[in-house]
Amino acid sequence: MDGFLNILKPPGMSSHDVIGAVRKVLRMKRVGHAGTLDPAAAGVLPVAVGQAARLIEYLELADKTYRAELTFGFATDSGDDTGKITEEVTDFMMPLQEAIEHVLAGFTGRIRQTPPAHSAIKIGGKRACDLLREGKEVEVPSREVTIHSLDLVAYQPEAHKVLLDVQCSKGTYIRSLCLDIGAALGLPATMSFLVRSRVGDFALADALTLEELAGAGECAVLEPAHFLSHLERYDLDPRREKAFCNGLGTGERQRVPETDTLRVYCGGRFLGIGRYDRASQEVIPAKVIHREPAAKP
């Protein structure tokens, strides 16, 4: 049983807890997830079982979509409403909707942001949040991320809240984005709720609750290739299938792919992930999932 699951993580449960529940239902040890969600957040959690766990790193390349609630008036050390309040104002005017939309436009495209110290980002090989628990000072370097779209979907001036839809690249922290939006408007701000609605081909509408997974069992596990459309496809000459599955390059120079990471097929069958070597001008196997050649008709 090798493949992916699209799991709906509930709020109040860690991503690691979800993996434990999946292992129990499927009675498998080799289970992993891509794109950790904070315990307070909910939404799509891609889960890989069996050999498909070797493909998790490629899922993390996919763009993600979120719906976030931003509350003005206070900021916390974690960037969400589970942290300690570090700044608070009570007597302020809610920014006008037009002003918020103008600021949001400035956060689209490539931006730099500093991930929150209360996160799983690694500093010197250790998670930043673990270093904080040890009482150590943490300085997280800024990074470049891409915000493909950032839309205001609800304006709630009485509650000092807005709802945002965000489509972004990997590595984007919505908590940091909310903090920076508030700063641009001259107010402390906090992410007060988060739902992840998409990770690449994993959509919220198709996600299974853990209860639904328990009922479906192995039938819920889907083919790995179904969730890798964000990678460019490469169709291998059938005469090179055995060589590729044995770790050899394709020896083909039929075309130059647009990207270096490819999902490789042969005769319509997914073989695994290939890497295009621009020096030798051929595709080198990176992760082979199906090593046995397709049966002859």
| field | Side chain D38, main chain A40, donor-acceptor under 3.5 Å | value | no

| With the 4.5 Å side-chain cut-off for hydrophobic clustering, are M191 and V103 part of the same group? | yes

| field | Inter-residue atom distance L152.CG - L163.CG, 0.5 Å rounding | value | 8.5 Å

| Verdict with reasoning, V162 to F72, per side-chain contact (heavy atoms from CB on, under 4.5 Å) | CA-CA 9 Å; V162 294; F72 293 103; 4.2 Å; yes

| E218 atom CD, neighbour heavy-atom count above 12 within 6.0 Å | no

| query | If you count the non-hydrogen atoms of other residues, nucleotides and ligands that lie under 6.0 Å from NE2 in H148, is the total more than 12? | reply | yes

| Salt bridge or not for E60 and K170, using N-O below 4.0 Å? | no

| Okay, side chain of D63, backbone of Q167: is any donor-acceptor separation there less than 3.5 Å? | no

| query | Run the side-chain contact (heavy atoms from CB on, under 4.5 Å) check on L177 and I111 step by step: do they pass? | reply | CA-CA 10 Å; L177 181 62; I111 66 169; 4.3 Å; yes

| L5 vs V49, side-chain contact (heavy atoms from CB on, under 4.5 Å): CA-CA, chis, key distance, verdict | CA-CA 8 Å; L5 293 167; V49 299; 4.2 Å; yes

| task | To the nearest 0.5 Å, tell me how far R54 CZ sits from R30 CZ. | result | 6.5 Å

| request: Write down the atom of P224, the atom of D2, and the distance for their closest heavy-atom approach. | output: CD-O, 4.1 Å

| said: Is it true that Q113 and S176 share a donor-acceptor pair across their side chains at a distance under 3.5 Å? | reply: no

| Are Y66 and L204 connected, step by step, through hydrophobic side chains (Ile, Leu, Val, Met, Phe, Trp, Tyr) whose heavy atoms are closer than 4.5 Å? | no

| task | State, with a plain yes or no, whether a side-chain heavy atom of R269 is found less than 4.5 Å away from one of E241. | result | yes

| Which value, rounded to the nearest 0.5 Å, describes the distance between I7 atom CD1 and F202 atom CZ? | 10.0 Å

| Is there a side-chain contact between E212 and L8, using heavy atoms and a 4.5 Å cut-off? | no

| request: State whether the side chain of T190 and the backbone N or O of D81 hold a donor-acceptor pair below 3.5 Å, judged by distance alone. | output: no

| query | Got a sec: does the CZ of R239 have more than 12 other heavy atoms crowding it under 6.0 Å? | reply | no

| message | With a 3.5 Å distance limit and no angle check, can you tell me whether R67 reaches the backbone of F193 through a side-chain donor-acceptor pair? | response | no

| note | Shortest non-hydrogen pair, C266 vs P238, comes out as SG-CA, 3.5 Å

| Would you say the side chains of R112 and S142 form a donor-acceptor pair under 3.5 Å? | yes

| Are the side chain of R196 and the backbone of G35 linked by a donor-acceptor contact shorter than 3.5 Å? | yes

| query | Under 4.5 Å between any side-chain heavy atoms of L231 and L61, yes or no? | reply | yes

| Ignoring hydrogens and geometry, is there a side-chain-to-backbone donor-acceptor pair from T146 to S169 under 3.5 Å? | no

| said: Can you tell me how far apart CG (L59) and NZ (K64) are? Round to the nearest 0.5 Å. | reply: 9.0 Å

| field | Check: Y265/R263 side-chain N/O donor and acceptor closer than 3.5 Å | value | yes

| field | Nearest heavy-atom neighbours spanning C168 and I174 | value | SG-CD1, 4.3 Å

| query | Would you say the side chain of L271 lies within less than 4.5 Å of the side chain of L236, judging by non-hydrogen atoms? | reply | yes

| request: First locate atom CG of L213, then atom CG of N6, and finally report the distance between them rounded to the nearest 0.5 Å. | output: 11.0 Å

| Checking side-chain contact (heavy atoms from CB on, under 4.5 Å) for the pair D151/V166: CA distance, chi angles, key distance, verdict? | CA-CA 7 Å; D151 300 311; V166 187; over 6 Å; no

| Do S192 and E69 meet the criterion of a side-chain donor-acceptor pair at a distance under 3.5 Å? | yes

| query | What about I100 and L179, same hydrophobic cluster or not, with Ile/Leu/Val/Met/Phe/Trp/Tyr joined at side-chain heavy-atom distances under 4.5 Å? | reply | no

| query | Angle class for the F4/F227 ring planes (parallel below 30°, perpendicular above 60°, tilted otherwise)? | reply | perpendicular

| Taking C-beta and beyond as the side chain, do R275 and I273 meet within less than 4.5 Å on heavy atoms? | no

| query | Does L164 belong to the same Ile/Leu/Val/Met/Phe/Trp/Tyr cluster as Y173, with side-chain heavy atoms less than 4.5 Å apart forming each link? | reply | no

| message | Is it the case that atom CZ in R110 sees more than 12 heavy atoms from other parts of the structure closer than 6.0 Å? | response | no

| said: Could you measure the distance from the CD atom of E144 to the OG1 atom of T172? Nearest 0.5 Å is fine. | reply: 10.5 Å

